[in-house]
Amino acid sequence: NQKIMISFWCFYLLIFSLHSLCQFQTDDFSANGCSPYPLLEYVIRSMLMLIVLVAMNYSIAITRQSILEERTSMSLAIAELYRQLNQAQLIRWAFLGFLLSPTFLIIIEALLYNSWKFDWISPFLEHFIFLAIHVPMASLLLPKNSEALSQLFAQNRYRE
């Protein structure tokens, strides 16, 4: 699986580099045969996102199966499995929000741009969606151990 993912990333970087090189060298993008590169880049990016979604769903399914197996023992390991399941589900929802936010913004812009009075809505929604995705992810990745946070500040204090 890792070899497939690495090969997709390398191929994507190659296509992206060729696309950028074509745009940089010529003003007429379709004159020198560079027109298929944006489509290839889009297809590969879509495939990578599909692979990420499948991997996340597989991870969630495995975690749920582990919870079902551990449920009879009622050990501390089940609490860790529930925490991992909640984290994986939050990451999946954030990734889905990241994927669907451009479509949502385009629909809102098409529906609400009847007047200049609604020009503020698009930037507001862009920033709101950005925060709605990134704040939960930041809180998820925040160290839960209070000693780890206090050590960060203690190291900065001693450097002064």
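Note: hydrogens, waters and symmetry copies are ignored here, and every other heavy atom, side chains too, is used. This one's a predicted model, so the numbers in the text were calculated from it and none came from an experiment.
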Is there a path of hydrophobic side-chain contacts, each under 4.5 Å between heavy atoms of I/L/V/M/F/W/Y residues, joining [Y] to [X]?
| X | Y | value |
| --- | --- | --- |
| Leu53 | Ile51 | yes |
| Leu125 | Trp120 | yes |
| Met49 | Tyr58 | no |
| Ile91 | Leu100 | no |
| Phe104 | Phe130 | no |

| request: Find out whether Asn86 and Leu140 are in side-chain contact, i.e. whether some heavy atom of one side chain is under 4.5 Å from a heavy atom of the other. | output: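 With C-beta onward as the side chain, the pair stays apart.
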| field | Test item: Arg92 and Leu96 side chains (from C-beta on) under 4.5 Å apart, heavy atoms | value |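 Arg92 does not reach Leu96 side chain to side chain.
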| message | Donor-acceptor check, side chain of Thr63 to backbone of Ser59, threshold 3.5 angstrom: yes or no? | response |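 Between the backbone of Ser59 and the side chain of Thr63 there is a qualifying donor-acceptor contact (under 3.5 Å).
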| request: Among Gln87, Gln89, Arg83, find the residue that satisfies the side-chain contact (heavy atoms from CB on, under 4.5 Å) test when tested with Leu85. | output: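 Of Gln87, Gln89, Arg83, side-chain contact (heavy atoms from CB on, under 4.5 Å) with Leu85 is met by Gln89 alone.
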Which heavy atom of [X] sits nearest a heavy atom of [Y], and at what distance?
| X | Y | value |
| --- | --- | --- |
| Ser101 | Ile129 | CB-CG2, 3.5 Å |
| Ser139 | Pro136 | OG-O, 2.8 Å |
| Met137 | Ala94 | SD-CB, 3.6 Å |
| Leu81 | Ile67 | CB-CG1, 3.6 Å |

[X] [atom1] to [Y] [atom2] distance, which is reported to the nearest 0.5 Å:
| X | Y | atom1 | atom2 | result |
| --- | --- | --- | --- | --- |
| Ile133 | Leu99 | CD1 | CG | 9.0 Å |
| Ser122 | Ile108 | OG | CD1 | 10.0 Å |
| Ile62 | Asn57 | CD1 | CG | 12.0 Å |

| field | CZ (Phe98) with more than 12 external heavy atoms under 6.0 Å | value |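 No, the 6.0 Å shell around CZ holds no more than 12 heavy atoms from other groups.
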